[in-house]
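Chain letters run A, B, ... following the sequence lines, proteins first and then strands; every chain starts at 1. Nothing here was measured: the structure is a model prediction, and the numbers come from that model.
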2 protein chains.
Amino acid sequence: MNDNIQSRQLLSELEGEVIALFVRMADVLNLPRSVGEIYGILFISSHPLCLDDCRIRLNISKGSTSQGLKILRSFGAIRTVYIPGDRKDYYVAESSLRKIASGFASEQIQPHVASGHERLERIRDLLDQHDDEQKKELSEKIDLLENWQRRAGKTLPLILKLIGSGRDG
Amino acid sequence: MNDNIQSRQLLSELEGEVIALFVRMADVLNLPRSVGEIYGILFISSHPLCLDDCRIRLNISKGSTSQGLKILRSFGAIRTVYIPGDRKDYYVAESSLRKIASGFASEQIQPHVASGHERLERIRDLLDQHDDEQKKELSEKIDLLENWQRRAGKTLPLILKLIGSGRDG
DNA sequence: CGATGTGTTCAGTAAATTTTGAACATTATG
DNA sequence: CATAATGTTCAAAATTTACTGAACACATCG
């Protein structure tokens with residue numbers, strides 16, 4: 001399951017499998033694999049970990065680890081824990097799916113939706129300048145796109161409501 | 001807006017913008033950009049196009065075009081049109097968001113969900129073999145994962161219902 | 001049958017993305 | 001203040017992914 005002796009020493013088979021699960025999730029969500037690994041090691045850990053803990057157990061570089069933690073912080077998938085008398089930052093995995101999903105939606109998806117909206121306005125403007133025999137037909141296609149956009153926009157918040165309706169948020 | 005003289009001759013500014021919109025959508029859905037381009041040119045075209053029509057207007061290779069059309073067919077984003085007296089296959093963009101979304105869900109998302117489910121079962125088995133002092137704590141984490149999986153599984157069909165509820169399906 | 005039209009496959013190449021690691025910034029410690 | 005501890009940044013390297021184009025398969029045509 002693990003690829004080499006070194007990782008066998010650092011991660012149990014169980015930990016490896018859980019991390020692999022999050023690596024695949026990261027892949028679906030279009031995030032670097034290291035982000036999945038880091039979330040995974042934090043999720044399965046019984047106590048908060050610092051950058052170096054993650055780096056060493058996952059056998060990845062400092063740069064990747066720093067970058068990965070930054071991404072996970074950016075949409076609230078992990079929380080910082082203060083440990084008295086220690087200069088390092090410690091992290092735990094956020095375990096509320098609702099919080100993670102809504103952070104992900106607003107940080108990683110909403111910008112795409114917004115820029116799609118802008119582009120659609122630009123397209124509508126371009127069409128209004130046109131004056132050819134296809135104008136009516138094109139206009140109907142753009143109506144369709146605007147319709148899709150509206151439905152996608154309404155669906156996103158509903159997804160979050162549904163995901164957030166579990167027993168533990 | 002278009003990158004070079006060649007594409008200016010082949011695509012109007014309006015077409016270019018519409019295609020760019022679908023290229024970005026493809027990016028969000030983790031599909032190759034060429035898939036977005038091909039869907040875009042079919043979407044905006046007033047009549048069915050064959051492989052070579054797409055290839056020439058988009059200035060991409062035969063291989064990419066063939067592959068892209070195959071992917072779009074695989075989840076029902078395009079339909080084939082029979083044109084009497086012509087040996088070539090012609091295509092039109094499917095315009096029902098409901099159909100596209102449900103095809104995408106069952107072909108591109110469901111397999112991930114299923115393999116995630118399998119892996120989670122394997123993880124549960126591994127844990128059952130364990131017998132250490134952390135077992136209870138780990139078991140609770142796996143409960144949480146199973147809970148997430150259940151909620152994600154229930155949410156997917158609801159998304160499709162919501163997306164399918166527009167005026168034109 | 002050979003020639004032509006159409007579409008697929010896949011090995012090699014190109015492009016995009018991710019990771020690394022060393023240099024740097026910043027803050028704490030003695 | 002010098003040194004050490006911690007974390008960030010970013011150019012270069014490694015890896016992954018997508019694209020190309022030539023070879024191929026298959027059908028149709030003359």
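T65(A) contributes a side-chain N or O that, together with a main-chain N or O of S61(A), makes up a donor-acceptor pair within less than 3.5 Å. Not one N or O on the side chain of N59(A) forms a donor-acceptor pair closer than 3.5 Å with the backbone of I56(A). The main-chain N or O of L162(B) is never found under 3.5 Å from a side-chain atom of K154(A) such that the two would form a donor-acceptor pair. In this structure, the side chain of S139(B) does not engage the main chain of K135(B) through any donor-acceptor pair within 3.5 Å. Although no hydrogens or angles enter the test, the distance criterion places a donor-acceptor pair under 3.5 Å between the side chain of Y39(B) and the main chain of E94(B).
No more than 12 heavy atoms of other residues, nucleotides or ligands sit less than 6.0 Å from atom NZ of K161(A).
Atom pair L29(A):CG and dT17(C):C1' shows a separation of 17 Å (rounding to whole Å applied). When rounded to the nearest whole Å, the span between CD1 of I71(A) and C1' of dG7(D) equals 16 Å. Residue R33(A) contributes atom CZ, which lies 18 Å from atom P of dA14(D) at whole-angstrom precision. Here dA18(D) presents its P atom at 9 Å from CG of L31(B), a figure rounded to the nearest Å. The distance between atom CG of N30(B) and atom P of dA18(D), rounded to the nearest whole Å, is 8 Å.
Transitive grouping of hydrophobic side chains (ILVMFWY, heavy atoms separated by less than 4.5 Å) brings V92(A) and I83(A) into a common cluster.
OP1 or OP2 of dC19(D) has at least one side-chain nitrogen or oxygen of S34(B) nearer than 4.0 Å.
Ionic pairing of R57(A) and D52(A) is not present here: no N-O contact between side-chain nitrogen and carboxylate oxygen is shorter than 4.0 angstrom.
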Task: Heavy-atom protein contacts under 4.0 Å, nucleotides 2-10 of chain C, coded B base, S sugar-phosphate only, - none - done: ---BSBBB-
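Using bins of under 30°, 30° to 60° and over 60° for the plane-to-plane angle, the ring pair F43(B)/F22(B) lands in the tilted bin.
A ring pair (Phe, Tyr, Trp, His ring centres under 6.0 Å) check over residues 68-104 of chain B, counting only residues at least two apart or in different chains, returns the pairs F75(B)-F104(B). Screening residues 109-143 of chain A for ring pair (Phe, Tyr, Trp, His ring centres under 6.0 Å) gives no qualifying pairs among residues at least two apart or on separate chains.
At a non-hydrogen distance threshold of 4.0 Å, nothing from residues 77-85 of chain A comes into contact with DNA chain C. Within residues 36-47 of chain B, no residue approaches DNA chain C, by heavy-atom distance under 4.0 Å.
Applying side chain to side chain contact (heavy atoms under 4.5 Å, CB included) to E17(B) and the options L120(A), L126(A), D125(A) leaves one that passes, L126(A).
Side-chain atoms of T80(B) and R73(B) form no donor-acceptor pair, as typed in the model, at a separation below 3.5 Å.
Comparing the start and finish of the helix from dC1(C)-dG30(D) to dG30(C)-dC1(D), five pairs each, the helix axis swings through 10°, to the nearest 10 degrees.
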